[in-house]
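One structure follows; several queries about it will come next.
First the proteins, then the strands, lettered A, B, ... as listed; each starts at 1.
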4 protein chains.
Amino acid sequence: MTARPPARSESPRRNEATRHAILDAALELVRETGHTRLTIEGIAARARVGKQTIYRWWPSKGAVLHEALVELDAADGHGAGDLPDSGDLRADLKSALRSAVAELTDPRRSEALRVLTAEAVLDPALAADYAAVLDRPGRNPIHRRLRRAQDSGQLAPGTDLAIITDLLRAPLRHRWLHGDTPLTTAFTDTVVDITLTGSGHPLPPTPPTPR
Amino acid sequence: MTARPPARSESPRRNEATRHAILDAALELVRETGHTRLTIEGIAARARVGKQTIYRWWPSKGAVLHEALVELDAADGHGAGDLPDSGDLRADLKSALRSAVAELTDPRRSEALRVLTAEAVLDPALAADYAAVLDRPGRNPIHRRLRRAQDSGQLAPGTDLAIITDLLRAPLRHRWLHGDTPLTTAFTDTVVDITLTGSGHPLPPTPPTPR
Amino acid sequence: MTARPPARSESPRRNEATRHAILDAALELVRETGHTRLTIEGIAARARVGKQTIYRWWPSKGAVLHEALVELDAADGHGAGDLPDSGDLRADLKSALRSAVAELTDPRRSEALRVLTAEAVLDPALAADYAAVLDRPGRNPIHRRLRRAQDSGQLAPGTDLAIITDLLRAPLRHRWLHGDTPLTTAFTDTVVDITLTGSGHPLPPTPPTPR
Amino acid sequence: MTARPPARSESPRRNEATRHAILDAALELVRETGHTRLTIEGIAARARVGKQTIYRWWPSKGAVLHEALVELDAADGHGAGDLPDSGDLRADLKSALRSAVAELTDPRRSEALRVLTAEAVLDPALAADYAAVLDRPGRNPIHRRLRRAQDSGQLAPGTDLAIITDLLRAPLRHRWLHGDTPLTTAFTDTVVDITLTGSGHPLPPTPPTPR
DNA sequence: CGGTAACCGAGACGGTACGTCCGGTCTTGAT
DNA sequence: ATCAAGACCGGACGTACCGTCTCGGTTACCG
């Protein structure tokens, strides 16, 4: 994580109300008008704030969006917590992917996430923040859940868990970003089934009839 | 494909040399200076062409980049042809993914592809072109190769091949777009192995030491 | 004169209507709101013109004001012509100074001239334009009239006419710029009388009762 | 004098060292960088002072400059005293104008005076201060010297001494403000000679070769 | 084979947003 | 209460590009 968007309370002089007004304005604007109208000037005007106040605390509008989404996650309790461990790895992962779909489809987040993702592709500094913070609730919990399963012998011991994680996450993100088909639970469930089966995780005694 | 950028030779009056100068200028600029400096005005200046000439034939700079990449593929023979069918599905797919890695890391293409991908995320018209043309040499050949394998009983009959395709392609694109780790053949080979195994394709008698 | 404000028709591409709209807007704005509101952005908005169009043709807002005043003079016929020569030097100069007072107090010009003068004090490039063009209808005609008088023996032959010119012009400009007293004909007439008498020009037989 | 900038020692709480640091910083800045960089923020930073401290005591940066110049005059002994009266009016005035030239040319003062003069042209409140304080050592001493001469019959009795004063001062200020020619003693001496002669003051028996 | 219609290089134009600078006000904490 | 420090709202700066528009000039087709 780059040090540029200072965590709250890093400066005792910073006005918290102003900070929130900016983040809210950014989310509102991107939701209402899409990326074309998302402008530093527009955010400043909507938040009734001087432009300099934005430039003082964030290096780019992507960084504003990023912090706004982190804030939104925190407010919703989408913390960095671990996935629940019911003992059934397959079910736990399917549930995690369904949650991910819900987040990507949440109308408060969807457009902001698209814009942020697009900017992160072109801005390495932003990509670093993105990976460190936004990826956390996705990648790390899944990764940790897989590790627990591997430790208890439910996955082949030599398997690279980072690859499994990507096999689970990437198809979802890819369809969301580039596809035109709606994200269904049938899709995510199948992704989990194929990936786990291919990784040596036994199918449940009663198959879930994937089709 | 949107109807707006007329295919070549649609107009007999169009100057082919000018068209090439523009596509070349776009590729050079994006390679030299990255996305920040990629500008319609910059392309026009570099190509020694009037701005109007660009606006006459392309609806956006993403479309220019798109056509430039298609042209580059054509020149390199990366046509829309089918994957080779050696009879060994696993080997054929591994080979296909290695080719994909080569294309994504080709210095002539890499930055242009990143920029184009980012723009396509935010521009639905561009995304349609992107899916129709750039996806073809990736998605369709793999999809068709899978279909042949399924038809000959090498894959479980009910499996959704579009999902398999995404399980093969998305992890690669995802790491390339958002990751910081280099793309290795170990990675793509493992992706193929897990996906095929999970889809009911038998492992070869002598395992290629996937460990 | 610096070459920066290109004379009209220097570029065949320049839009004359736009040029006039800018000059008019500048004069209107400075007259209505004074120097505080005279802003490149304000001129552009009032003239319904892009800012770049102003920056393209003028180096500073002082230069715009300058050209606007020159244009106004041309429209009013305040050309670079010579002073009338009635044979009576004293009367001719008194008349010239009365005209100068009329120009300085003309409500269309007054505020613009003040602003332009203030800017010229701090901007040498602008001062050069100012001296070359705006001074011409003041300095040179007076200077030339004095030269004719000196040639015909009405002034002491060794006298430095540039100093006489300044003795005639400077008190007027000085009171206009810095004073709070209204400019009267009694004032300008006395200036002419003292200066000419001090320069060896004979008083008329019947004194003009300066007080 | 406007009421806004309280005179020194008006408030017992005012820090004299701070006040001097501000005045010095203003003079240094205007001398080093000219008017473009003369900024309230710049003065505050250079003086290591908060901006509010400047706004608390002065209404504009022109007022700061004004006070700085007054202070400089006081330090140099350029008080508001009378001109010396040698009995020779002509010589006394020539000497006074030479002093004025020295002040306008003094590198410590020159740029500050130009900036202050330009601001005073556009700011009536500042102009009032300027006339009351900076003019005093110029206008009033000359005016009083002329009055003494008129009282002793050395000048025509009905002459308006304010006009004479302007005839003496204005050409100098005008050339300094707007001209590009250096200020010479030949120039100021000639101004005095013509003005006094034109005002009825007899030439000395041995003419000072004005040619 | 000469007219005319499109293309083309060039770049002015009305706009929008950029990122910076500074003005003037307000707040905080230390003296 | 004054002061250094500096956040804050606001507004103008001068620049960069956008997408549209004219301007001449040069093809290349077509009647």
Side-chain angles (χ1 to χ4, degrees), chain A residues 11-19 21-22 36-45 47-57 59-61, chain B residues 11-19 21-22 36-45 47-61, chain C residues 11-19 21-22 36-45 47-57 59-61, chain D residues 11-15 17-19 21-22 36-45 47-57 59-61:
Chain A
S11 163
R13 312 291 297 275
R14 185 164 183 182
N15 185 329
E16 184 65 12
T18 292
R19 186 181 141 265
I22 291 167
T36 38
R37 302 276 187 197
L38 185 65
T39 262
I40 298 272
E41 290 205 333
I43 297 171
R48 316 213 91 246
V49 139
K51 279 201 286 179
Q52 199 62 39
T53 303
I54 299 180
Y55 284 109
R56 182 151 42 226
W57 300 109
S60 67
K61 71 185 169 197
Chain B
S11 164
R13 312 291 293 271
R14 184 163 183 184
N15 185 329
E16 184 65 11
T18 293
R19 186 180 140 267
I22 292 167
T36 37
R37 301 280 184 194
L38 185 65
T39 262
I40 298 273
E41 291 203 334
I43 297 171
R48 316 212 93 245
V49 137
K51 281 202 288 178
Q52 199 61 260
T53 303
I54 298 181
Y55 284 109
R56 188 153 32 227
W57 302 107
W58 293 274
S60 68
K61 72 185 168 197
Chain C
S11 163
R13 312 291 299 274
R14 184 163 184 183
N15 184 328
E16 184 66 11
T18 292
R19 187 182 139 266
I22 292 168
T36 37
R37 303 274 187 198
L38 185 66
T39 262
I40 298 271
E41 290 206 334
I43 297 170
R48 314 212 92 247
V49 139
K51 280 201 286 178
Q52 200 62 41
T53 303
I54 299 182
Y55 286 108
R56 183 154 37 230
W57 301 110
S60 66
K61 71 186 169 198
Chain D
S11 161
R13 309 293 295 269
R14 184 162 185 186
N15 183 330
T18 293
R19 187 181 139 265
I22 292 168
T36 37
R37 301 281 186 193
L38 185 65
T39 260
I40 298 273
E41 291 202 335
I43 297 172
R48 316 211 94 246
V49 137
K51 282 203 287 178
Q52 199 59 257
T53 304
I54 298 180
Y55 284 110
R56 189 153 31 227
W57 301 109
S60 68
K61 73 185 169 198

With nearest nucleotides of DNA chain E determined for A:Gln52 and C:Glu41 from heavy-atom distances, which residue corresponds to the more 5′ nucleotide? C:Glu41
Take atom CZ of C:Arg56 and atom C1' of F:dC17, then tell me their distance rounded to the nearest Å. 12 Å
With nearest nucleotide decided by heavy atoms, which residue, A:Arg13 or B:Lys51, maps closer to the 5′ end of DNA chain E? B:Lys51
Within this structure, what is the CD1-CD1 distance for the pair D:Ile40 and D:Ile22, rounded to the nearest 0.5 Å? 9.5 Å
Without decimals, in angstroms, what is the distance between C:Ile54 CD1 and E:dG15 C1'? 13 Å
Consider the side chain of C:Lys61, meaning its heavy atoms from C-beta on, and name the nucleotide among F:dC13, E:dC18, F:dG19 that approaches it most closely. F:dC13
Write down the distance between OH (B:Tyr55) and C1' (E:dG11), rounded to a whole number of angstrom. 13 Å
Length of the CZ-P vector between B:Arg14 and E:dG9, whole Å: 12 Å
Quick note, A:Trp57 side chain, CB onward, closest among F:dC8, F:dG19, E:dT25 is F:dC8
Does a nitrogen or oxygen in the side chain of B:Arg48 sit under 4.0 Å from OP1 or OP2 of E:dC8? no
Would you check if C:Ile54 and C:Lys51 make a side-chain contact, meaning some heavy-atom pair closer than 4.5 Å? no
Could you state the atom-to-atom distance from CD1 of B:Ile40 to P of E:dG15 in whole Å? 21 Å
Between CD1 of B:Ile22 and C1' of E:dC8 the distance, given in whole Å, is 10 Å
Interatomic distance, A:Glu16 CD vs E:dT28 P [rounded to whole Å]: 14 Å
Rounded to whole angstrom units, what separation is found between the CD1 atom of A:Ile43 and the P atom of F:dC9? 14 Å
Strictly below 4.0 Å: does C:Thr53 bring a side-chain N or O up to OP1 or OP2 of E:dA12? no
As a test of reading the structure: which of E:dC13, E:dC22, F:dC8 is closest to the side chain of D:Thr39, going by heavy atoms? E:dC22
Between CZ of B:Arg14 and OG1 of B:Thr53, what distance do you get to the nearest 0.5 Å? 9.5 Å
For D:Thr18 and for C:Leu38, locate the closest nucleotide of DNA chain F by heavy-atom distance; then report the residue assigned to the nucleotide nearer the 5' terminus. D:Thr18
Within 45° of the six-membered ring axis of B:Trp57 and under 6.0 Å from that ring's centre, is NZ or CZ of B:Arg19 located there? no
